[in-house]
Trainee: 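Below you'll find the structure I mean.
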Amino acid sequence: MTTPRTPLIAGNWKMNGLQGDGRALASAVADFLKSQGAANFEMLVCPPFTLISAVHDALAGSGVKLGAQDCSTAAKGAHTGDISTDMLADAGCTYVLVGHSERRTDHRETDELVNAKAVAAHTSGLNAVICIGETEAERDGGKTLDVVKSQIAGSVPGSATAANTVVAYEPVWAIGTGRTPTIDEVQDVHAFIRSELAAKLGQDVADGIRLLYGGSMNPGNASELLALGDVDGGLIGGASLKPEDFAAIATSCPA
């Protein structure tokens, strides 16, 4: 590893939480990070749109980053139900997830659309967390690297840099199931992702981009996963809704 990469522990709250829940959870995460002093990791939470304002206030002064779970490609206009990247930035977000597997599956999002959303994020000064990963059928068919290669080619824009982009590998079959690939499989895929980013963006950029693992990371497996050379953090789902679990994952980052 030629470029130091600060681990990023990101929580995707998905469609969970009302106002009271969101404030309490955000406050607990904020208190934890403040208690760590000069932490060797960064933390990010991505609540539902309805909680962004409350969570922003609860995180104030803590150092915990705030992100959204999706965005529009459009800057403004007649797009009922959508939210622009400028709106997210105005609300205090500095990150936005794009291309999460649930968006790709439930809303039929294509690589082209994910790419456009990442460009929109960059245009508004946001960090795009670009999600990629194979389904169980694709994995069982031996197509994991083919799928990852195709998604990187299509979803990662030329505007991606280490300063504005994070890539999250989420094997779809492992999300929320408690199943994970083997440690060697995770490292192999992450190393492959970095090599593909190098081919697309150049080695220096690829060396600096943080690669998150996003398939059921939890306090029990975090240390082993975060010790891998090309795993630079985690995109956490269910465990991010439990402050003690989210904190345990963060403190599993190697010193």
Side-chain angles (χ1 to χ4, degrees), residues 8 10-19 21-22 25-26 44-59 64-133 135 147-148 150-170 172 175 197 200-201 209-212 214 235-237 240-241:
L8 176 65
N12 176 14
W13 295 3
K14 305 190 180 185
M15 196 172 71
N16 292 292
L18 303 181
Q19 292 290 322
D21 306 317
L25 180 52
L44 163 68
V45 295
C46 299
F49 293 137
T50 55
L51 298 183
I52 285 175
S53 178
V55 170
H56 174 266
D57 292 346
L59 296 179
V64 179
K65 311 299 183 183
L66 176 63
Q69 297 177 17
D70 187 36
C71 64
S72 174
T73 61
K76 61 181 178 180
H79 304 283
T80 302
D82 289 347
I83 186 166
S84 75
T85 50
D86 280 349
M87 290 174 175
L88 295 175
D90 186 55
C93 292
T94 54
Y95 285 79
V96 60
L97 307 181
V98 296
H100 190 278
S101 62
E102 290 158 3
R103 299 292 308 179
R104 291 178 184 265
T105 299
D106 297 346
H107 299 275
R108 304 294 188 267
E109 292 195 359
T110 63
D111 290 336
E112 181 181 24
L113 179 58
V114 175
N115 188 306
K117 288 185 176 186
V119 170
H122 295 161
T123 300
S124 297
L126 297 178
N127 291 272
V129 181
I130 302 173
C131 303
I132 61 175
T135 65
V147 171
V148 167
S150 176
Q151 289 180 335
I152 291 172
S155 300
V156 178
S159 57
T161 69
N164 66 17
T165 299
V166 175
V167 174
Y169 168 59
E170 37 171 30
V172 180
I175 299 172
L197 291 173
K200 183 181 182 76
L201 303 170
I209 288 179
R210 291 182 286 188
L211 307 183
L212 311 185
L235 179 57
I236 317 300
S240 71
L241 300 174

Trainee: Which donor-acceptor pairs under 3.5 Å do side chains of residues 158-169 form with protein atoms, sequence neighbours excluded?
Mentor:
unit_1 : atom_1 : unit_2 : atom_2 : d
Ser159 : OG     : His122 : ND1    : 2.8
Thr161 : OG1    : Ala163 : N      : 3.1
Thr161 : OG1    : Asn164 : N      : 3.2
Thr161 : OG1    : Asn164 : OD1    : 3.3
Asn164 : OD1    : His122 : NE2    : 3.3
Asn164 : OD1    : Thr161 : N      : 2.8
Asn164 : ND2    : Ser159 : O      : 3.0
Thr165 : OG1    : His122 : NE2    : 3.0
Tyr169 : OH     : Glu134 : OE1    : 2.9
Tyr169 : OH     : Glu134 : OE2    : 3.0

Trainee: From Lys76 NZ over to Met87 CE, what is the distance, rounded to the nearest 0.5 angstrom?
Mentor: 9.5 Å

Trainee: Nearest 0.5 Å, what's the NE2-CG distance between His107 and Asp70?
Mentor: 7.5 Å

Trainee: Please answer whether the main-chain N or O of Phe49 pairs with a side-chain N or O of Gln69 as donor and acceptor at a distance below 3.5 Å.
Mentor: no

Trainee: With a 4.5 Å heavy-atom cut-off, do Val129 and Asn12 have their side chains touching?
Mentor: no

Trainee: Let me confirm one number: the CG-CH2 distance from Leu25 to Trp13, rounded to the nearest 0.5 Å.
Mentor: 4.0 Å

Trainee: About how many Å separate CG of Leu44 and CG of Leu97, when rounded to the nearest 0.5 Å?
Mentor: 7.0 Å

Trainee: Does the side chain of Cys71 reach to within under 4.5 Å of the side chain of Leu88, using non-hydrogen atoms?
Mentor: yes

Trainee: Working to the nearest 0.5 angstrom, can you tell me the gap between Ile132 CD1 and Ser155 OG?
Mentor: 7.5 Å

Trainee: So Lys14 and His100, do their side chains get closer than 4.5 Å, heavy atoms only?
Mentor: yes

Trainee: Got Lys117 and Arg103 here, is their nearest side-chain heavy-atom distance under 4.5 Å?
Mentor: yes

Trainee: Specify the closest pair of heavy atoms between Ser72 and Ala74, including all atoms of both residues, with the distance to one decimal.
Mentor: OG-N, 2.9 Å

Trainee: According to salt bridge (charged side-chain N to carboxylate O under 4.0 Å, His left out), who are the partners of Asp111, at least two apart in sequence or on a separate chain?
Mentor: Arg104

Trainee: Any side-chain to backbone donor/acceptor pair from Lys200 onto Val156? Under 3.5 Å, distance only.
Mentor: yes

Trainee: To the nearest 0.5 Å, tell me how far Ile209 CD1 sits from Ile130 CD1.
Mentor: 8.0 Å

Trainee: Measuring only between side-chain heavy atoms, which start at C-beta, is Leu66 closer than 4.5 Å to Val55?
Mentor: yes

Trainee: Just wondering, do Pro48 and Met15 contact through their side chains at under 4.5 Å, heavy atoms?
Mentor: no

